[in-house]
Amino acid sequence: MRKLVSRSAPALTGSVAVPGDKSISHRALMIGASAVGKTEIRGLLEGEDVLCTAAALREFGARIEQQGDVWSVTGVGVGGFSQPENIIDVGNAGTAARLLMGLLASQDLKVYFTGDASLRSRPMNRVIEPLSKMGAAFDAREGGRMPLTLHGACEPIPINYDLPMPSAQVKSAVLLAALNTPGTTTVTEREATRDHTENMLRSFGASIEVSIMHDGGRKIAVSGFAEMIATNVMVPGDPSSAAYPGVAALIVPGSEVTVENVGMNPLRAGLFETLREMGADLTLTRRRFSAGEQVADITFRHGPLTGVDIPAARAPTMIDEYPIVAVAAAVAKGETRMRGLAELRLKESDRFLAILEGLTASGVAVKADGDDIVIQGCGGLLEGGSEIAVNLDHRVAMSFLVLGVAAQQPISIDDAAAIGTSFPGFVELMNGIGMQISEQKFETGA
Ligand code: S3P
């Protein structure tokens, strides 16, 4: 295991571009593979999660090639996947697993899925349930866990599905299954979740209608068998990745860091709203639309941060950002309450527990209150001196490395491997703005 250690550092400065958005990258490959013709993708995240999706789609017959920074996908058309020869191993990638199951659920194929230890422990029942209603059958381990076998439906059935939890992955699985299903399938979500699937299906020519309900929820209707036509995609920088250099700059005195070309989809932007409420100095410049998604450059400047109360209703728009918000809260002055975090227990690791244990070990007062986490900020440097168990979770690894820059004693993580799933080049980029992250060599006994 590669251990890393992060130490306090003087002011961070620079202008950086983070890798492409993970959610959009998965979708560009999958929807490109289901369209007719050749889709070119620029800015694709070349992280392990997305490479697993590319490898799986090749198994289903799509041609995917890389030339420089352009990825091209020659699609097989809706419903055109072929029977894979191999077991589909999607590594650490929950999005790959759940969205691919959706795509396959309405195609008459038998597919064996597995993943790494983290993914094998995560619940797949949330997609098994609606996809079974559409006619697919699953043979899964206890609790709907992988490894599992999916038997796609020969005669898929359209459904009207009310999402029982705010999950863009479950919503997307049903919408992707609907592409090869006769009639109209609808998904209703009470709380709006990231809408990259809807945006991309629309731009590829799928038959999709989204209506906003009076309570802010959404109803999405997809009619099956519409032909999708290859469409080039420009993937913006991942706002979830921008959060790491951004928060690092906010908590180190004298810092100013710009992250260029960050996706600003409103359903992903809860972090920036929260940081502003904490008093963060963020400036957005070059606001523009790029391939249907809002994009901007963001400058993060250090300044005092204050604790805030983050409403549960905001969780879907910042669901992956709680570990890094917890870092900002640990350095801020006063109390931060992060509400409604039940879903955090089901991510790449139990992030609810990871925040509690990691902050406690680093000398920060933190407690659970039902599904809320309450953090007493240190109002400056915290103690540190902790070693964090990452448990195959990239966001836990990166967040605690950022925390190390605001700690009196270095903070280390036990395993850096997971970072490559979403943020290749993380250490180099962070050290490039002035952070001090280095390999921690194992002590060898005599
Ligand atoms: C994602 C949706 C979210 C998020 C994940 C990516 C997506 O998961 O946590 O990192 O691309 O649709 P849930 O759908 O489980 O909330």
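Residue numbers start at 1 and run along the sequence shown. Note that ligands are numbered from 1 as they come in the structure, with each ligand's atoms numbered from 1 the same way.
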Inset, instruction - Evaluate whether atom CD1 of Ile157 has more than 12 neighbouring non-hydrogen atoms of other residues, nucleotides or ligands under 6.0 angstrom away. - result: yes
Inset, instruction - Starting from atom 6 (C) of ligand 1, locate the nearest protein heavy atom and write down its residue, its atom name and how far away it is, to 0.1 Å. - result: Thr95 OG1, 3.4 Å
Inset, instruction - Identify, for atom 14 (O) of ligand 1, the protein heavy atom at the shortest distance, and state residue, atom and that distance. - result: Ser167 OG, 2.6 Å
Inset, instruction - Just jot down the ligand 1 atoms closer than 4.0 angstrom to any heavy atom of Ile319, in number order. - result: 9 (O)
Legend entry - Residue from Thr181, Leu175, Leu176 passing side chain to side chain contact (heavy atoms under 4.5 Å, CB included) with Leu179: Leu176
Inset, instruction - Count the heavy atoms belonging to other residues, nucleotides or ligands that lie under 6.0 Å from CD of Glu65, then report whether that count exceeds 12. - result: yes
Inset, instruction - Looking only at distances, please establish whether an N/O atom of ligand 1 is found under 3.5 Å from an N/O atom of Glu343. - result: no
Inset, instruction - Please state which part of His26 comes within less than 4.0 Å of ligand 1, counting heavy atoms only: side chain, backbone, both or neither. - result: neither
Legend entry - From CA spacing to verdict: side-chain hydrogen bond (donor to acceptor under 3.5 Å, both in side chains), Arg194, Ser23: CA-CA 9 Å; Arg194 65 189 71 190; Ser23 293; 2.8 Å; yes
Legend entry - Within reach of ligand 1, part of His196 (heavy-atom separation under 4.0 Å): neither
Legend entry - Proximal candidate to atom 12 (O) of ligand 1 [heavy atom criterion; set Arg98, Arg27, Arg126]: Arg27
Inset, instruction - Identify the protein heavy atom lying closest to atom 15 (O) of ligand 1, giving its residue, its atom name and the separation to 0.1 Å. - result: Lys347 NZ, 3.2 Å
Inset, instruction - Just say parallel, tilted or perpendicular for the rings of Phe81 and Phe60, cut-offs at 30° and 60°. - result: parallel
Legend entry - Qualifying residue, where the test is side chain to side chain contact (heavy atoms under 4.5 Å, CB included) with Arg337 and the options are Ile310, Ile375, Asp369, Val308: Asp369
Inset, instruction - Before signing off on this row, confirm whether Ala168 and ligand 1 have an N or O atom pair separated by under 3.5 Å. - result: yes
Legend entry - Over 12 foreign heavy atoms within 6.0 Å of CZ, Arg314: yes
Inset, instruction - Considering heavy atoms of the protein only, find what lies nearest to atom 4 (C) of ligand 1 and give residue, atom and distance to 0.1 Å. - result: Asp320 OD2, 3.3 Å
Inset, instruction - Report, as yes or no, whether the 6.0 Å neighbourhood of atom CD on Gln67 holds more than 12 heavy atoms from other residues, nucleotides or ligands. - result: no
Inset, instruction - May I ask you to list the atoms of ligand 1 that are less than 4.0 angstrom from any heavy atom of Ser23? - result: 6 (C), 7 (C), 11 (O)
